[in-house]
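Comments concern the structure below.
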Amino acid sequence: MLIRTSSSATREQKEFLKRRLAGILPGARARTVRGGLEVSGFRPASAADAAPLLENIPGVAGTRLTQRELCPLVCAAGRALPAKPLNFRKDFIFIAGPCAVEDEASYLASAAALKAAGAHALRAALFKPRSSPYAFQGVGFDGLKTIARAKKLTGLPLVTEITDTRQAQKLCAVCDVLQIGARNMRNYELLKEAGRSGLPVLLKRAMRATLGEWLLSAEYLLKYGTRNLVLCERGDAVLSSDSPGLDLAMLREAKRLTGLPVIADPSHSTHDRGLAASLALKAARAGADGLLIEASLSPQTARVDGRQTLTVRTFAKLAGAILCRQKQ
Ligand code: PEP
Ligand code: MN
C-alpha cells in the first residue's frame, strides 16, 4: 500500500501518521518513499478496511492499494482450478443455448442438437432480467424439470442465471454453474449467496464496469465460498446502443491478473447473429477461453433475443472454425 502525503504535510503530521499506522495496521512496516510511505507486512485483506481510516489522518492525501491488496483471493484463484464441470485447461469451452428456456420440446431438441454440434454446456436460463416489466420474464421454477431433462438427455452441465438470493436453494439442486448477469454484478448480497452455495459461478462484467469493479465482485464470490470461477466479458452494449463490441483488452488483462478462465459473450454485445458470429471468432483469436453464446434450432420463434441467436447450423460452423484454429 502506498500512503500519499500532501506536499504541505509537516514533520509532526508525518510522525503522527506513523504512530497511527501502527494502531490501524498492527505489524505493518513503513518505508519513506517519494511522496509518502510504502507500507507492507500486513494481511492484504485488511487493506480495504484500513485505507479510509488512514485517509482521515491530517497530512494524508490518499492511499493506493496494490492489486493483491484489493483482491487477494482473485489474484491467487487461477492456481487451483477444478477441471469439472468445465475443463478450460483442455478445451475451448462453448456454453450454448437459447436466451431463455421456453417450451420443453423445443428446448430439448435444441439441447441435443447443440451437443452434437460441439457444446460443452447448456445455457439454461429460467429467470430473465428484462428492461420492461411487461416483457417475458422467463418460465421460472416451472422450467426446472425441463432443464433437468435436458441434462439427462445430453449429459451436459447447466449454466443458469440467478437473479435473487431466494432462488439459490432450488437452482443449486439442479444446476451446475450459477450465472451472475451483468445487471447483478454489483448485487453484493447475491454475490455472497452465490458464494455460499459452493456451486461454480460464471460472473459477467456489468455494462461499463471497470476491471477493478469486476475483480472486486469476483473477490466477493471467492471470499464467501466459490472455488470454481469463470469470468465473462459481455461488452458495454445496452438495448438502445448501436455500437457492438467486447472489451477484448480488458478480457486479456483479467486473464493476466487472475489466471482465471475468461470467456466472451458475443450475443449480448451485438444483438445481431451475424455480428455475434464474427465477434466470437475475434474473441477466440484475442485469447478468450470459451464462449457463452445464444444458439437454438428456432431463433425465429424465440420470445427473447431471437435476432442475436445463432441457428445450430451456424453454431456448428463457428465451433468448427474456432477448434480448427486452436489446433493450428
Ligand atoms: C444472459 O446471458 O442471459 C444475459 C441476460 O446477459 P447479460 O446479463 O450480459 O445482459
Ligand atoms: Mn439473451
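Scope of the values below: all heavy atoms of this structure, side chains included, with no hydrogens, waters or symmetry mates. Both ligands and their constituent atoms are indexed starting at 1 by order of listing.
For residues 34-62, the set of pairs meeting the salt bridge (charged side-chain N to carboxylate O under 4.0 Å, His left out) definition, not counting sequence neighbours, comprises R31-E38. Applying the salt bridge (charged side-chain N to carboxylate O under 4.0 Å, His left out) definition to pairs two or more places apart or across chains, none involves residues 138-147.
Between the side chain of R307 and the main chain of D272, no donor-acceptor pair closer than 3.5 Å is present. Side chain of N187 to backbone of L190: a donor-acceptor contact under 3.5 angstrom is found.
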Please lay out, stage by stage, how E294 and S267 fare under the test side chain to side chain donor-acceptor pair (under 3.5 Å).
CA-CA 6 Å; E294 291 180 343; S267 308; 4.6 Å; no
Begin from the C-alpha positions of D164 and Q167 and carry the test side chain to side chain donor-acceptor pair (under 3.5 Å) through to its verdict.
CA-CA 6 Å; D164 187 307; Q167 295 159 1; 5.3 Å; no
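A donor and an acceptor atom, one from each side chain of H120 and N87, are nowhere located under 3.5 Å apart.
Tracing side-chain contacts under 4.5 Å through hydrophobic residues (I, L, V, M, F, W, Y), one reaches V262 starting from M250; they form part of the same cluster.
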What does the N/O contact table under 3.5 Å look like for ligand 1?
residue: ligand 1; atom: 2 (O); partner: R123; partner atom: NH1; Å: 3.0
residue: ligand 1; atom: 2 (O); partner: Q179; partner atom: NE2; Å: 3.0
residue: ligand 1; atom: 2 (O); partner: K204; partner atom: NZ; Å: 2.8
residue: ligand 1; atom: 3 (O); partner: R123; partner atom: NH2; Å: 2.7
residue: ligand 1; atom: 3 (O); partner: K128; partner atom: NZ; Å: 2.8
residue: ligand 1; atom: 6 (O); partner: K204; partner atom: NZ; Å: 2.8
residue: ligand 1; atom: 8 (O); partner: A182; partner atom: N; Å: 2.8
residue: ligand 1; atom: 9 (O); partner: K204; partner atom: NZ; Å: 2.8
residue: ligand 1; atom: 9 (O); partner: R234; partner atom: NE; Å: 2.6
residue: ligand 1; atom: 9 (O); partner: R234; partner atom: NH2; Å: 3.4
residue: ligand 1; atom: 10 (O); partner: R183; partner atom: NH1; Å: 2.8
residue: ligand 1; atom: 10 (O); partner: R234; partner atom: NH2; Å: 2.8

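Listed by chain and residue number, the protein N/O/S atoms under 2.8 Å of the Mn ion (ligand 2) are C99 SG, H268 NE2, E294 OE2, D305 OD2, with waters left out.
Taking a cutoff of 4.0 Å between a charged side-chain nitrogen and a carboxylate oxygen, K84 and D176 do not qualify as a salt bridge.
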